[in-house]
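The block underneath contains the structure these notes are about, expressed in structure tokens.
Naming: A, B, ... by sequence-line order, numbering from 1 per chain.
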2 protein chains.
Amino acid sequence: MSGFGPGDPFLADCPARLAVELIADKWTVVVLYGLSRGPVRHGELIEVIGGISRKMLTQTLRRLEAHGLIRRHAYAEVPPRVEYELTPLGATLIDPIHMLTEWARANGDAVLDALDADPEPVAHSD
Amino acid sequence: MSGFGPGDPFLADCPARLAVELIADKWTVVVLYGLSRGPVRHGELIEVIGGISRKMLTQTLRRLEAHGLIRRHAYAEVPPRVEYELTPLGATLIDPIHMLTEWARANGDAVLDALDADPEPVAHSD
DNA sequence: CAGAATCCTTAGAGATACTG
DNA sequence: CAGTATCTCTAAGGATTCTG
């Protein structure tokens, strides 16, 4: 046997794909990480996350909310204050995310080295 | 202090973003997982990964190759045979990926429950 | 301050057909 | 079998403007 059968939990349509689709966009992981230390306000996230636009932040937050990973608290104050925090379910994703960041810390340089050793996407003509 | 300073390793421009950008697309993680058990041929990956097109597979493989995470072996045979395998560097990414799949296995249902408890992306008018 | 709504520009991604 | 090359379409994502 060379590998994976049709019932493999990761490949093809299976629950594990969910994790990838949840994470496979530009901002989801960053936002979750930003919430990993406790409740944070909308504006704080904008400042702390480099380069995210208001639109993308809100959109990402809504998606995470719909998936049950974060909760939104709107306080009836003026000026308005809204805080987001991880749900217990969302908190379970922090460990995997931390593993990713640790990986990047440890291996980021190696990847960058490989990148400029081989700058252009090689076309394999053989 | 409420959270993250400008020097935080994850947010803003920093090496940890690399991990996200590497992973934040539809197929990268799936392909890496597909290679986690040893060298695999192009065609095998197509079969084993549900729904990927030839184009996207090749494109993903090229990118991973350029980042130094996988290696390509083309055998001068007929019919042609090409195998891909993780580099030592690429192998270090398998643990974090496994954590993601474990997470999905454990919490996938909870996410789906949350999704159909709240089917449409709520517009917060408050 | 938080966010909804619009417009606009690309990148992502599938389908198909062709080559060594 | 492995891969490249187009063509096309959609959706991601940014900038900007407007409102409670």
Side-chain angles (χ1 to χ4, degrees), chain A residues 2-3 12-13 17 20-31 34-35 39-66 70-85 120-126, chain B residues 2-3 12-13 17 20-31 34-35 39-66 70-85 120-126:
Chain A
S2 63
D13 272 331
R17 275 288 173 86
V20 182
E21 282 167 19
L22 212 53
I23 278 189
D25 78 85
K26 206 175 176 183
W27 298 114
T28 299
V29 174
V30 188
V31 169
L35 296 175
V40 186
R41 303 184 56 168
H42 182 102
E44 288 180 284
L45 284 171
I46 292 279
E47 285 168 26
V48 110
I49 299 175
I52 197 172
S53 65
R54 240 192 268 292
K55 175 186 163 187
M56 291 316 296
L57 175 59
T58 301
Q59 187 174 305
T60 304
L61 290 168
R62 292 292 170 278
R63 218 173 106 251
L64 292 174
E65 196 187 3
I70 68 173
R71 194 142 34 213
R72 197 183 98 109
H73 296 285
Y75 299 92
E77 299 174 0
V78 45
R81 179 166 61 104
V82 179
E83 285 188 346
Y84 295 89
E85 67 176 340
E120 39 219 271
V122 188
H124 293 294
S125 42
D126 47 9
Chain B
S2 64
D13 273 330
R17 274 288 172 86
V20 181
E21 281 167 21
L22 213 52
I23 278 190
D25 79 87
K26 205 174 177 183
W27 298 116
T28 299
V29 174
V30 188
V31 169
L35 296 173
V40 186
R41 303 183 54 169
H42 183 101
E44 288 181 283
L45 284 171
I46 292 278
E47 285 167 26
V48 107
I49 298 176
I52 197 172
S53 65
R54 235 189 269 290
K55 175 188 160 187
M56 289 317 296
L57 176 58
T58 301
Q59 186 173 305
T60 304
L61 290 169
R62 292 291 170 280
R63 217 173 107 252
L64 292 173
E65 196 187 2
I70 68 173
R71 193 142 32 213
R72 197 184 99 108
H73 296 284
Y75 298 92
E77 301 174 0
V78 45
R81 180 165 60 103
V82 178
E83 285 187 345
Y84 295 89
E85 68 176 342
E120 42 217 272
V122 188
H124 293 295
S125 44
D126 48 9

Residues forming a salt bridge (charged side-chain N to carboxylate O under 4.0 Å, His left out) with Arg81(B), sequence neighbours excluded: Glu77(B), Glu83(B)
Whole-Å distance separating the NE2 atom of His42(A) from the P atom of dA4(C): 9 Å
Under 4.0 angstrom between Arg62(A) side-chain N/O and dA4(C) OP1 or OP2: yes
His124(A) NE2 to dT4(D) P, straight-line distance once rounded to whole Å: 7 Å
For Thr28(B), side-chain hydrogen bond (donor to acceptor under 3.5 Å, both in side chains) partners two or more places apart: Asp25(B), Arg63(B)
Rounded distance in Å - CZ (Arg63(A)) to P (dA11(D)): 14 Å
Value in whole Å for how far the C1' atom of dG14(D) lies from CD1 of Ile52(A): 11 Å
Set of residues satisfying side chain to side chain contact (heavy atoms under 4.5 Å, CB included) with respect to Thr58(A), sequence neighbours excluded: His42(A), Arg62(A)
With sequence neighbours excluded, residues passing side-chain hydrogen bond (donor to acceptor under 3.5 Å, both in side chains) with Glu85(B): His73(B)
Sugar-phosphate only, base, or nothing, as touched by Arg41(B) at under 4.0 Å among non-hydrogen atoms: sugar-phosphate
Integer-rounded Å distance: dC1(D) P and Leu61(B) CG: 17 Å
Value in whole Å for how far the P atom of dG3(D) lies from CG of Leu57(B): 8 Å
Residues which pass salt bridge (charged side-chain N to carboxylate O under 4.0 Å, His left out) with Arg41(B), listed by chain and number, not counting sequence neighbours: none
Spatial distance of atom CZ (Arg72(B)) from atom CG (Leu64(B)) [nearest 0.5 Å]: 14.0 Å
Which residue lies more 5' along DNA chain C, comparing Thr58(A) with Pro79(A) via nearest heavy atoms: Pro79(A)
Nearest-Å distance for atom pair CZ/P, residues Arg54(A) and dC7(C): 20 Å
Minimum side-chain heavy-atom gap Leu35(B)-Ile70(B) below 4.5 Å: yes
Touch class at under 4.0 angstrom, heavy-atom based, for Tyr75(A) against every strand present: nothing
Taking only N/O atoms, report every protein-nucleotides 9-13 of chain C pair under 3.5 Å with atom names and distance.
from    : atom 1 : to       : atom 2 : distance (Å)
dA13(C) : N7     : Lys55(B) : NZ     : 3.2

